[in-house]
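Comments concern the structure below.
Whatever order the structure lists them in is the order used to number ligands and atoms, beginning at 1.
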Amino acid sequence: MKTKLIKSALVLALAASSSATVLAQEVTLRLVSAFAENGIYVQHMLPWISKVNAEGKGVLQINFIGGPKAIPTFEVGNAVKTGVVDMALTTGAFYTNLMPEADALKMAQLTITEQRKSGAFDLINEIWSKKANMYYLGRMGEQQPFYLYLTKKIDKADLTGLKLRITPVYRDFFQVMGATVITTAPGEVYTALERGVVDGYGWPLTGLFDQNWQKMTKFRVEPGFYNAEVSLVVNLDVWKKLNPKQRELLQKHMLELEADNTAYWKKNNEDEVKRQEQAGIQVIKFDPATSKQYLDKAYESGWAGVIKNSPEYGPKLKQALTK
Ligand code: 173
């Protein structure tokens, strides 16, 4: 009886220790999003997390903590840098407080797939690791322009007298065009519009409807400019501690998603133009010469801003990201 008990205790102890080994090998990464949970970017990411988790049993799991209610949009970058969270879905404009270079990715004229081949991706990681203690895992959102949305009509390419909601993405450009600007997180745009605090806002082509902004939006100004960047970043210390299998799992799924970016965003862009039209959002269009000037100003002012704030890396990023 006694030996039996000892034996079964041993078996239990062994079983416990073997599951402990498995647990020690499986790592769980805590991920937050700087974008709203119900919005297009998180909705695009969730199936990706499911795939990683399905394949990553015993290796790596991602635990999605939540959106800006968990950590405010403009604090997400620092939370990754300091290791409060392990990973984030965010955009460079939300962490320019850590590094002004972050905002340069909005001006990429190469796809992320091209950036990986050209060396731009390595340059990004050199800067991101040094300045923000981050590993830049990959890009989920690309090939989608930003637009100026308005509640009032304009009939020339001049924003003088307009008060516009911005993030760093639009700051230099809208100011050069004469606007007065107010920085807010996406979560505050609706109220700012409702209260008439702003006459419009910058935002990419899709995502308005997620936050009900279409109700307050009368016009979309064409052409769109830049290339909305939404990416996954990982705390660098956490990244370095992952074993090769864990890294490979993340990288493999990231590359798979990126390979589908062009088709995914093209379809979204096309659908969204129709959806906005159906919702009664009118398009303000400039003549071809004015459109060209508008775009030239967007890039000139945007790069000038990045280079002014980062004389060291700004020019290198411009060269690496411009076609
Ligand atoms: O909040 C913003 O307008 C912004 O900067 C942004 C950047 C990338 C994707 C969506 C929004």
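Between H253 and W48, the ring planes lie perpendicular to each other; the angle is over 60°, past the 30° to 60° tilted range.
No side-chain N or O of R275 forms a donor-acceptor pair with one of T206 less than 3.5 Å apart.
Rounding to the nearest 0.5 Å gives a distance of 10.5 Å between CD of E55 and NZ of K57.
Sorted by first and then second residue, the ring pair (Phe, Tyr, Trp, His ring centres under 6.0 Å) pairs with a member in residues 50-82 read F74-F94; sequence neighbours excluded. For residues 303-323, no pair satisfies ring pair (Phe, Tyr, Trp, His ring centres under 6.0 Å), with sequence neighbours left out.
Legend: residues meeting salt bridge (Lys or Arg N to Asp or Glu O under 4.0 Å) with D237, ordered by chain and number and at least two apart, are absent.
Annotation: ligand 1 has protein neighbours F35, Y41, T91, A93, F94, F146, R165, T167, V169, Y170, P186, G202, W203, P204, E229, V230, each with a heavy atom less than 4.0 angstrom from the ligand.
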